[in-house]
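Heads up: the structure comes next, in structure tokens.
All ligand and atom numbering here is 1-based and tracks the order in the structure.
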Amino acid sequence: MKVTFITAQGDKVEASAAVGDCLLDVAQNVDMPLEGTCEGQMACSTCHVIIAPDWFGKLPRASEDEEDMLDLAAGVTRTSRLSCQITLTEDMDGLEVRIPGESRDMQRR
Ligand code: FES
């Protein structure tokens, strides 16, 4: 299956992925600038991505903890998610994800 990332500069980068992969790992494999500092502990928000609006409703909803963390992320939109919380399923083949322009590591302030 494939996931397409759109960089902050607007370039499209295709990544191949497998069911069960974590979206953050897939992004890092193709050098997207997501730090993922807390390694999926929902404590950093540096893995913030923006899901294409067509896709957002097809993903499982964010947990409350994830939403709380997203409130702290820079440049959050209505279709923002933490990529470390998204596990790829078969239905997500072709998923489109945008990398936010501005990222800020909350743990480093
Ligand atoms: Fe820290 Fe996702 S890696 S919240």
Quiz item: Going by side-chain heavy atoms closer than 4.5 Å, which hydrophobic residues are tied to Val19, directly or by a chain of links?
Solution: Met1, Val3, Phe5, Val13, Leu23, Leu24, Val26, Val30, Met32, Leu34, Val49, Ile51, Trp55, Phe56, Leu59, Ile86, Leu88, Met92, Leu95, Val97, Ile99
Quiz item: Between atom CD of Glu14 and atom NZ of Lys2, what is the distance when rounded to the nearest 0.5 Å?
Solution: 5.0 Å
Quiz prompt | For Ser83 against Cys47, the heavy-atom pair lying closest together | solution = OG-O, 2.7 Å
Quiz item: If you measure from CE on Met42 to CD on Glu67, what distance do you get to the nearest 0.5 Å?
Solution: 10.5 Å
Practice problem: Examine distances only and state if a side-chain atom of Thr87 and a backbone atom of Cys22 form a donor-acceptor pair shorter than 3.5 Å. | Solution: no
Quiz item: Excluding waters, which protein N, O or S atoms are within less than 2.8 Å of atom 2 (Fe) of ligand 1?
Solution: Cys47 SG, Cys84 SG
Quiz item: Just by modelled atom types, is the Leu82 backbone N or O under 3.5 Å from a matching donor or acceptor in the Glu66 side chain?
Solution: yes
